[in-house]
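By convention in this document, chain letters (A, B, ...) are assigned in the order of the sequence lines, proteins followed by strands, and residues within each chain are numbered from 1. Both backbone and side-chain heavy atoms feed into the values below; hydrogens, waters and symmetry mates do not.
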Number of protein chains: 4
Amino acid sequence: MSSTGSAPTRSRALTRERLVASATSLFAGHGLHHVTSHEIARGAGVAAGTFYLHFKDKHELFREIVFEALAGLKERLQKATASATDPREAVRRRSAELLSFAEERCDLVRILFGRNREAAALGADVLDDLIRWLEADLRLRAGTLPARLEPLVAAHALVGMWARVLTWWVDAPRRAPRETVLESLIQLQLSGVIDGP
Amino acid sequence: MSSTGSAPTRSRALTRERLVASATSLFAGHGLHHVTSHEIARGAGVAAGTFYLHFKDKHELFREIVFEALAGLKERLQKATASATDPREAVRRRSAELLSFAEERCDLVRILFGRNREAAALGADVLDDLIRWLEADLRLRAGTLPARLEPLVAAHALVGMWARVLTWWVDAPRRAPRETVLESLIQLQLSGVIDGP
Amino acid sequence: MSSTGSAPTRSRALTRERLVASATSLFAGHGLHHVTSHEIARGAGVAAGTFYLHFKDKHELFREIVFEALAGLKERLQKATASATDPREAVRRRSAELLSFAEERCDLVRILFGRNREAAALGADVLDDLIRWLEADLRLRAGTLPARLEPLVAAHALVGMWARVLTWWVDAPRRAPRETVLESLIQLQLSGVIDGP
Amino acid sequence: MSSTGSAPTRSRALTRERLVASATSLFAGHGLHHVTSHEIARGAGVAAGTFYLHFKDKHELFREIVFEALAGLKERLQKATASATDPREAVRRRSAELLSFAEERCDLVRILFGRNREAAALGADVLDDLIRWLEADLRLRAGTLPARLEPLVAAHALVGMWARVLTWWVDAPRRAPRETVLESLIQLQLSGVIDGP
DNA sequence: AATGAATGAGGGTTCATTCAT
DNA sequence: TATGAATGAACCCTCATTCAT
């Protein structure tokens, strides 16, 4: 991104990226409203006023980070499940992809789902986007869903489940090995909490 | 409660209750940090300074509301599932109880699980309590759990699922009839998202 | 004082004395403006409102303590020096009396002269009273004063000297034995800081 | 001072100086705790928040003023007495320097020694510094001190004397001509309050 | 484009004082 | 007379945002 365009354009883009990176790290650590625009600027190595040359305000930047993170996650999930014809296989791949995302971007997990989930304070809940995508996916495979399972409710439930488990896991990955978390997530989705028919 | 003790004691307790009620409603609507101690006092019909005769600060009151709500919810769930011997029956009753709680106390649902879930900002995550209770319950029925389902992960997943579904539902109960939500929740817990063995 | 009058009068006087005692101790320890009327009341074992049944406000009580302390000190000094015909003897007795006062009432020393000498904030400086008394005393012995020593200046200087030395001494009496302090005070007054004529 | 560096640096230093000047004047007139940070800012012609860009809080600024004033006074006294070999001459020069200081900086006299001498509320007594310097000076001339005069006590006594006399004098310089005050101060230090051997 | 000093509204909190009981 | 809950003005301090350089 910062490698195209004229020199001033490149420099501007670079500053912007630094601000985004600084903000992402700070938001993940302390939550939207415990982070000041001065701190973000300092973290990016620029002056306080520079922040406002790139973003209207703190919330706009937060929004941008959240929506970009969501779009990235959605794309990863899409790619991971695209080629799965068997619904069970889709569940497995989706779960694995979620854990990979968590391993690679624990900062984004914290921002999207975490503790101080102020992400939700951006008007309509930001997760709605992810949920609607999942709902659509579930409806596509409607024939494979249990009879009394409403896809919209299921989508909310699954995203809630993911959010909670990922947040908990990135908070202290040592608490459980990836394999355990993955198997449990899959198990829950494939057969619920009760063993046997 | 406020009907015992001397006149000033009664009056004091009454004011406290008014403050708690005012705060509960405001927190549910706008979240911890968008509510000021002045607003809480005004909502309770008392002067700003009165707030501090009853609570050290806004956070202490928030904590109190959250922990009391959690304790109440836990007790309801406990009672609802205590006499269920069949694990499937326990799941059904628990789910029904959750929806009843949501119908009766949508304000508490919003505070505990909702949008601006700043409840989490109170040091350790407040839901841990609920999760540990659920984990213990699941371990009691360990024999009935699927083999590869770790109870701790399951507890987090279920609470996450509840949180998300209840928040969504209380936000606009018309979106889905209680029956639909209940059946979907039960279905998910009993057999996951895939139909058939 | 509290032993005369009818029962309710006695009780009222007792409460008043308790408030004075509590305030004296607190003022000595923390200074006028770091002590609240609630603290004084609590220290006296009465309710907050009771304070205002006995004193118009915190400052009035402070004033009362200060002026009573000053009057007491003046009286002690007067008595101690009354019978001294030799001016040197008067200096010696006065100094000794000051140290006795400090030993007995370090709380009053702190209030009158000490650290947070807010005593001074009561309109005209409260020490003026003491100073004028000393000035008068010096003028009486005018014949014995050095020629170029203006009694008014001398009175200020001596009271300043006492204030500082007593404050320092009561703050940590172990720093110097009474004898040393006394001799030094006397020496200074009798012959200044230079040895010999 | 404010004439070097870049434009913003100059401006910053200027604002700081204005705040210090405003605060010095206000503290001298009303005492630390009757002056608000808003008043200081207003007096400096800046907005309330600006105060906190330059000082952590009111007390830090007060400290700074007090310690700078003390350092300045100490240096003046040092310089004034450095070349005096005769101890009597040292006393004379020191006293004259004190009165000059009072004439030039009555605001600082009021802050350091005056009415609302809250300077003392800054942890250890601020005058300790001055006293220790004087004590050291007295010990250097130990041979010239009266036998029974402990230097530490003398240092406290002299500083107390200065404090009181200067405060009184700057409060209304008309009460006594400089010459009278100076002669009295010198007389007291050279031969005490009693005439003759 | 970048700087960083300045702004000022707004929230948190204290506490002297009042007043119904 | 005593109580203690309540009042509300006043202060401290932060921080999102602006703007002259």
*Can you tell which of C:Asp129, C:Leu61, C:Leu112 makes a side chain to side chain contact (heavy atoms under 4.5 Å, CB included) with C:Val66?*
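Only one option passes, and that is C:Leu112.
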*Quick one: sort the C:His33 and D:His33 rings into parallel, tilted or perpendicular, breaks at 30° and 60°.*
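It falls in the parallel class, under 30°.
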[X] [atom1] to [N] [atom2]: how many Å, rounded?
X       : N      : atom1 : atom2 : answer
C:Asp57 : E:dA16 : CG    : P     : 10 Å
C:Phe55 : F:dA2  : CZ    : C1'   : 15 Å
C:Arg18 : F:dA2  : CZ    : C1'   : 12 Å
D:Glu60 : F:dC13 : CD    : P     : 11 Å

*Does D:Ser25 use its side chain to pair, donor to acceptor, with the backbone of D:Ala21 at less than 3.5 Å?*
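Such a contact is absent between D:Ser25 side chain and D:Ala21 backbone.
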*Hey, does the side chain of D:Ser22 reach the backbone of D:Arg18 with a donor-acceptor pair shorter than 3.5 angstrom?*
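No, the answer is negative, given that no donor and acceptor are paired below the 3.5 Å cut-off.
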_Between D:Glu64 and D:Arg16 (salt bridge meaning N to carboxylate O under 4.0 Å), is one present in this structure?_
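A salt bridge links D:Glu64 with D:Arg16.
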*Base-paired stems in DNA chain F, each at least three Watson-Crick or G-U pairs under 3.5 Å*: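 Only these stems qualify: E:2-21 with F:2-21.
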*Which comes earlier along DNA chain E counting from the 5' end, the contact point of C:Lys56 or that of B:Glu39, where each point is its nearest nucleotide?*
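Checking each residue's closest nucleotide, the 5'-ward one belongs to B:Glu39.
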_Walk along nucleotides 3-10 of chain E from 5' to 3' and tag each nucleotide B, S or - by protein heavy-atom contact under 4.0 Å, base first, then sugar-phosphate._
BBSBBB--
*Contact summary for D:Arg12 and D:Leu53, nearest pair of heavy atoms*: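 Smallest interatomic distance, heavy atoms only, reads NH2-O, 3.3 Å.
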Name the atoms and distances for all side-chain donor-acceptor pairs under 3.5 Å in residues 35-46 of chain B, with sequence neighbours left out.
unit_1  : atom_1 : unit_2  : atom_2 : d
B:Thr36 : OG1    : B:His38 : N      : 3.4
B:Thr36 : OG1    : B:Glu39 : N      : 3.0
B:Ser37 : OG     : B:Tyr52 : OH     : 3.2
B:Glu39 : OE1    : B:Thr36 : N      : 2.9

*Establish, with yes or no, whether the OP1 or OP2 oxygen of E:dT13 is under 4.0 angstrom from a side-chain nitrogen or oxygen of B:Tyr52.*
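Result: yes.
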